[in-house]
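Just so it is clear: chains get the letters A, B, ... in the order the sequence lines come, proteins before strands, and each one is counted from 1. Predicted model, so just to flag it, every value in this text is computed and none were measured.
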Amino acid sequence: MTPSSHLPVTRRNFLGGAGIVVAFSLAGMSTARGAATGEAEPSGTGAVSVLPDDLQPFPYLDSWIRIDADGKAQVFTGKVELGQGIMTALLQVAAEELDMPPNLVSIVTADTTRTPDEGLTAASHSMQYGGPALRLAAANVRMLLLRTAASMLGVADTEVSTMGDGTIRASNGRSIPYGAVAASLSLHVEAVADAPLRQPKSYRSIGQSLPRLDIPGKVTGGASFIQDMRLPGMLHARVIRAPSEGMKLALPPRAEIEAIPGLHAFVQQGDFAAVVCEREWDAVSIMRQLMANPSQRQDENLPVGDIASILKPLPAKDYVIEKVSHPTAKPVKRLEARYTRPWYSHGSIGPSCAIAQMVDGELTVWSHSQGIFDVKRVASSLVGMPEDKVHAIHVQGAGCYGQNGADDAAADAALIAHLLPGRPVRLQWMREQEFGWEPLGAGMVTEAVAELDASNRIVTWNYDVWSPPHNTRPTTANGVLAGWEVTPAFPPAEKIPIPMPAGDGSRNSNPLYALPNMDVNFHFISNGPFRSSAMRSLGGHLNVFSIESMFDELAKAAATDPLDLRLDHMEDARARAVMMAGAEAFRWKTRRKESKFHGFGMGFARYKNLGAYCSVFLEISVEQNTGAITVLRAQTAVDCGEVVNPDGVRNQVEGGLIQSLSWCTREAMSYDTQRRTSFDWSSYPILRFQSVPIDIRVDVLPKPGEPFLGVAEASQGPTSAALANALADATGLRFRDMPLTPEKLRRALITL
Amino acid sequence: MIVVKSKRQIWLSALGIAGLVGMVTAAIIVYEPAIPPVARPSPSSFEVAEVKRGAELASIGDCVVCHSTDGGRPFAGSKALPTPFGTLYSDNITPDETTGIGNWSFAAFQRAMTRGVARDGSHLYPALPYEHFTHVDDADLQAIYAFLMTREPVKEVQPPNDLLPGLGFRPLLAGWKFLFLRKTAFVQDKTQNNEWNRGKYLVEGLGHCGGCHTPRNLLGAEEHGSDLAGGVAEGWIAPALDASNPSASRWDQASLFDYLKNGIAGAHSAAGGPMGPVAEGLSEVDDADVRAISTYIASRMKPAATPSAKTNANPAKAEGTTASKAATRTPASDAAKLFAGACGGCHMSGAPMETAGRPPLSVVSDLKMDDPRNAIKVVLGGITPAAGHGPYMPGFADALTDQQIADLLAYARSRFTDAPTWPDLAAKVSVIRKEDAK
Amino acid sequence: MTISLDVNGERHTVTASPDTPLLYVLRDDLQLNAAKYGCGLGQCGACTVHVDGNAVFSCLTPVAATVGRRVTTLEGLGTAEKPGILQQAFIDEQAAQCGYCIAGMIMRAQSLLSYNPSPSDEEIRQHMQPNLCRCGTHYRIIRAIKRASAVLANHQNKGDAT
Ligand code: FES
Ligand code: FES
């Protein structure tokens with residue numbers, strides 16, 4: 001199916017069409033996963049005898065899969081497509097276990113009235129946790145289909161098998177299509193944990209690079225995105241806010257605003273304000289006209305200066321992440337270093353958008369949020385309606401990479417629609433609003449102290465990380481802008497970091513390396529100068545950057561090859577394999593520096609120490625006189641367990657690599673004491689075509705039969721680290737403060 | 001480099017005459033001896049501090065702009081410098097011994113910089129602004145030499161110059177020099193402070209600002225006595241840097257400093273056209289030198305006023321945009337509508353550029369000039385910061401017709417300035433569009 | 001006011017204020033999805049369409065300025081069932097992640113191939129510079145453009161240039 005085909009034309013029409021499913025799923029609601037699971041790892045025991053985490057609250061098979069009389073399957077997932085290709089990969093998993101051709105399977109993604117609540121689509125969890133749930137549900141369905149077919153064909157259960165084409169054949173040669181079997185089979189039964197899974201050697205779908213389902217529509221102008229959704233009678237809204245977080249805009253009296261030609265309605269509640277128009281350009285123009293009014297900073301002034309001096313003095317809550325101690329040989333060398341990264345913008349190419357409609361006392365919100373069930377909870381608390389009167393439906397948006405403005409825009413739209421019942425209202429944020437108000441990826445500081453003994457073993461590893469929150473995902477109105485603006489306001493909730501092992505600013509702060517003495521501490525700064533929340537890989541980006549930079553600094557001190565130093569301290573066989581496979585493909589051992597400012601670097605991490613393993617190798621040259629970096633070659637090797645769609649994995653890793661190069665070399669939210677001053681792509685430049693590596697290769701290691709491991713964020717940390725390491729190799733200088741801009745490099749290199 | 005290109009066109013046109021004069025009257029100075037090659041000095045033979053100073057001086061002189069191709073290695077030359085008389089290609093000034101200046105002694109370098117003669121004794125085209133570099137101290141030339149000799153050598157031979165027949169005959173250049181090259185040392189003005197004098201030294205010497213900002217006589221030399229009174233560069237008008245500048249009263253040392261250092265000053269324009277790379281070069285220069293340049297230029301623009309760093313109120317705010325003057329949202333004329341759709345996204349009051357403190361059109365000098373050339377060029381080609389950040393504007397050459405651009409500009413001129421209308425705008429747009437297409 | 005437009009070879013009449021950027025008319029009045037709002041500032045290329053064969057930012061092109069000129073959007077290059085050469089190349093290379101930038105990318109690339117059917121890598125990078133992708137799909141986009149270029153060359157050799 002194409003993505004456009006699940007854009008409902010009207011709410012009425014979709015509710016009508018899906019009535020049966022609604023009834024089934026509401027049964028599941030009572031046991032719904034608790035709100036606000038955030039990005040923490042599910043707490044399931046992992047034992048074989050229990051259902052996968054995502055399946056436990058929704059054990060009924062019909063919450064996940066429906067088979068029509070014509071033999072087509074519909075699969076329901078609480079996970080959503082963010083451009084990571086998950087829809088295709090999950091469909092492949094379902095097709096595999098149903099043993100059906102993928103083209104007979106369609107997939108419905110997060111919709112609070114139709115699909116299971118699988119929490120957020122984030123943290124590279126979708127394959128790791130969503131995959132097994134759907135897989136087992138499908139395996140259960142296939143098992144039931146086989147049993148029912150056997151009795152219909154009058155043979156024993158062991159005499160029937162699925163053929164991969166949507167039919168079941170008995171050993172006596174008779175066969176029967178799924179549709180006919182499904183007609184006499186109720187799927188309103190609970191899944192069992194031991195339904196037989198299909199085995200790797202007979203896979204038909206898993207492991208194939210099935211072309212993404214959504215791409216044909218996206219390259220031909222299909223209605224692929226929420227931005228493309230048009231409901232009959234739809235109005236266009238723009239929300240009116242000061243240019244930046246922390247400021248307040250003075251608005252003229254309501255009557256004056258209401259006199260502006262082209263305005264359909266001016267919506268105001270407390271400090272929340274929006275203009276609503278029949279025509280989108282009118283909404284934009286009127287918004288701009290109102291934006292010409294003066295803004296004043298409300299919050300205390302922003303601190304300026306280097307990031308360590310800003311963050312380290314702030315009140316922090318301390319967490320011990322890792323403490324081990326073993327007797328070792330005497331240290332002979334000691335290295336200390338501090339690493340930092342600035343605040344980053346998610347920088348989605350499409351600013352956040354949402355559509356909402358209030359009709360007959362029910363509110364529906366269409367959003368590209370990663371947490372569609374939370375959108376519903378937020379909206380219901382914001383407008384004060386019971387949860388069963390509020391529905392939220394996911395529709396794809398532009399890539400978000402974490403919590404950008406999507407949730408705020410959804411809440412904005414819900415509030416506007418609630419104040420202006422009847423017609424659907426489409427709200428899109430403007431580019432500058434996204435830059436000015438979205439939660440940022442947090443600026444961070446780390447400090448590492450490491451000691452080597454005489455035989456170049458690392459004997460001490462002390463590490464501290466300071467970070468504002470990486471997860472302020474909203475679960476009620478107290479987590480969104482509109483909630484803070486309405487009267488009475490919903491005061492922001494206390495911020496709590498995601499605990500380890502997933503971690504927050506602490507993510508990946510515990511090295512995977514086997515080190516005899518470790519003292520790793522996380523200093524959680526609950527109130528940083530900016531609103532911050534999840535952005536691809538969270539604290540893992542700087543933590544991996546720091547650990548992997550320090551490993552290279554140690555290798556230099558020890559005069560050993562950086563790969564050898566890593567392997568010498570790594571016991572995890574899969575980690576070793578990923579490093580060695582990448583090194584082999586890159587020809588690391590035979591690398592040769594060809595000129596003064598030419599060099600090589602590597603980085604490695606296992607994402608969260610739980611997800612995919614990823615090694616990145618870069619060959620670069622730096623232009624001394626301009627500071628411009630050319631990435632000549634990028635090679636990565638990835639182990640993400642069983643690979644469902646190899647090309648999909650490559651696409652994600654490659655994209656993460658390019659994005660990480662952009663973060664590392666040019667990005668930083670700029671600000672002065674009053675406001676964020678990055679407001680467009682000239683004040684927040686990201687990587688453009690001319691800086692893309694000349695050559696990129698991604699090798700995905702086959703791991704048939706292994707559990708799926710989340711991969712979408714795996715290359716962020718290792719890539720930035722590999723770049724810093726390659727720079728050190730090319731220039732002899734160590735750069736520890738991102739972004740490593742051409743200006744910074746030029747200044748350092750010009751006299752070398 | 002601004003200098004260079006603008007000058008190039010004019011001096012080449014004068015070259016014929018000058019050459020003749022030169023042949024007749026100055027045969028005696030045509031001959032310059034070769035200076036013997038030296039072994040490339042080892043990079044470590046230069047002091048790091050001197051190299052660093054040389055780097056800054058080279059940025060003030062903007063050597064890299066003419067001596068590199070787009071995407072090519074810096075200082076390796078080969079940049080095509082098109083002229084009505086053909087195309088020149090800049091020299092490789094990396095220390096490669098065979099294709100660059102690796103075997104040039106300091107004496108050879110100094111002679112090239114101040115007298116326009118290559119090591120082998122051949123005359124250099126005045127694309128190299130040696131008539132400005134005559135003012136440069138030996139110590140500064142030493143530093144630039146140290147800087148260039150410590151670059152990575154790049155082996156690159158520039159394509160042969162492609163000039164009209166006869167003009168490739170370099171001895172002609174001796175005549176040009178005889179007429180126009182005056183070797184003068186820089187003289188301090190005792191009545192001014194050190195900063196001012198430093199500024200004057202940089203402006204007249206390495207910075208060679210006059211190359212663009214000074215008008216030229218018929219023979220293509222900078223007019224004596226009109227220095228910094230305004231000129232042309234790469235088809236752009238280089239505005240006067242004296243009191244005759246229509247915006248002179250609003251520039252001061254602080255805003256000039258911002259402009260030169262960051263390519264933008266909130267209450268003024270963003271640096272566009274050939275000024276973009278100049279500001280980019282200056283962003284690499286020590287603040288004190290940029291301040292000195294600003295001080296000197298400010299004094300030229302406002303001779304009476306004492307250069308002071310008074311704060312820069314944003315005139316957009318001062319002019320008080322009252323958004324609540326609501327009912328006039330729908331633009332009245334066709335041109336106003338064109339403007340609202342094409343330019344309003346950035347330049348309407350309340351648009352993000354303005355709320356972020358970027359210069360409002362009411363202060364942009366291009367709109368105030370008597371000649372619409374710069375305004376037309378910016379609308380056609382936009383402003384692209386080479387470093388990837390800083391003020392940016394898309395070009396409209398492909399989106400709008402000549403007449404539409406003319407209508408937009410006429411509207412903007414009348415709305416944002418008190419100046420009289422520009423005549424024959426559409427025709428001028430069409431001429432400049434053709435120039436740019438070359 | 002009523003404005004008559006030539007979009008993808010068809011004549012359309014819309015009622016819109018003449019200052020309305022073409023982007024909004026395409027999306028809201030003509031219900032064409034491809035051109036996207038990304039920045040409205042001419043900085044990202046998500047809104048790229050062709051006017052008289054040149055790639056322009058539709059977010060900064062007032063609709064009145066396109067009267068009497070030919071507008072082409074991604075929809076004019078082909079359909080999901082019958083994709084154009086570049087569209088097919090993007091499918092073959094799976095050159096999309098979220099895909100939000102892709103319509104603009106294809107239109108930008110199309111303008112390159114129309115005057116330079118076999119661009120070098122460097123020419124492709126240079127030409128594509130105005131368009132942003134946040135997902136990091138650039139490398140695949142370059143590959144897709146090269147693939148389309150090869151297909152074009154093949155057609156040319158066979159004499160069935162399109
Ligand atoms: S939306 Fe037009 S360039 Fe970004
Ligand atoms: S594919 Fe997402 S922005 Fe390009």
Colleague: If you count every heavy atom of other residues, nucleotides or ligands that lies below 6.0 Å from A/K596 atom NZ, does the total exceed 12?
Modeller: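 Above 12, so yes.
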Colleague: Report the distance from atom CD1 of B/I264 to atom OG of A/S682, rounding to the nearest 0.5 Å.
Modeller: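 Nearest 0.5 Å value for the CD1-OG distance: 8.0 Å.
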Colleague: To the nearest 0.5 Å, how far apart are OG in B/S349 and CE in A/M291?
Modeller: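 It is 11.0 Å, given to the nearest 0.5 Å.
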Colleague: Is it the case that more than 12 heavy atoms not belonging to A/Q296 sit under 6.0 Å from its CD atom?
Modeller: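 Open.
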Colleague: If you measure only the distance, is there a donor-acceptor pair under 3.5 Å linking the side chains of A/R675 and B/T355?
Modeller: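 No, B/T355 and A/R675 have no side-chain donor paired with an acceptor closer than 3.5 Å.
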Colleague: Which one, B/R73, B/M348, B/M353, B/R151, leads in non-hydrogen pairs under 4.5 Å with chain A?
Modeller: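 Ranked by contacts with chain A, first place is B/R151.
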Colleague: Which atom names give the shortest non-hydrogen contact between A/W281 and B/A340, and what distance separates them?
Modeller: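 Closest heavy-atom pair between A/W281 and B/A340: CZ2-O, 3.8 Å.
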Colleague: B/G344 and A/R288: which non-hydrogen atoms are nearest, and at how many Å?
Modeller: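 Heavy atoms of B/G344 and A/R288 come nearest at O-NH1, 4.5 Å.
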Colleague: For the atom pair OG (A/S621) and CD (B/E152), what is the distance rounded to the nearest 0.5 Å?
Modeller: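 Going from OG on A/S621 over to CD on B/E152, the span is 11.0 Å.
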Colleague: If you draw a 6.0 Å radius around CG in B/D70, do more than 12 non-hydrogen atoms from other residues or ligands fall strictly inside?
Modeller: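 No, because the 6.0 Å sphere around CG of B/D70 holds 12 heavy atoms or fewer from other groups.
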Colleague: What donor-acceptor contacts under 3.5 angstrom involve side-chain atoms of residues 46-58 of chain B, with partners at least two apart or in another chain?
Modeller:
{"residue": "B/R53", "atom": "NH1", "partner": "B/D140", "partner atom": "OD1", "Å": "3.1"}
{"residue": "B/E56", "atom": "OE1", "partner": "B/D286", "partner atom": "N", "Å": "2.8"}

Colleague: Does B/D334, at its CG atom, have more than 12 non-hydrogen atoms belonging to other residues, nucleotides or ligands within less than 6.0 Å?
Modeller: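 Not buried by this count: 12 neighbours or fewer within 6.0 Å.
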Colleague: Once rounded to the nearest 0.5 Å, what's the spacing between atom CG of A/N625 and atom OG of B/S68?
Modeller: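 Result: 8.5 Å between the selected atoms.
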Colleague: Please name all residues satisfying side chain to side chain donor-acceptor pair (under 3.5 Å) with A/T626, sequence neighbours left out, ordered by chain then number.
Modeller: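 Partners of A/T626 under the side chain to side chain donor-acceptor pair (under 3.5 Å) test: none.
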Colleague: Rounded to the nearest 0.5 Å, how far does CD1 of A/I750 lie from OG of B/S59?
Modeller: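 Answer rounded to 0.5 Å: 7.0 Å.
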Colleague: Looking at A/Q624, A/E623, A/R746, A/E432, which has the largest count of heavy-atom pairs under 4.5 Å with chain B?
Modeller: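 Heavy-atom pair counts peak at A/R746.
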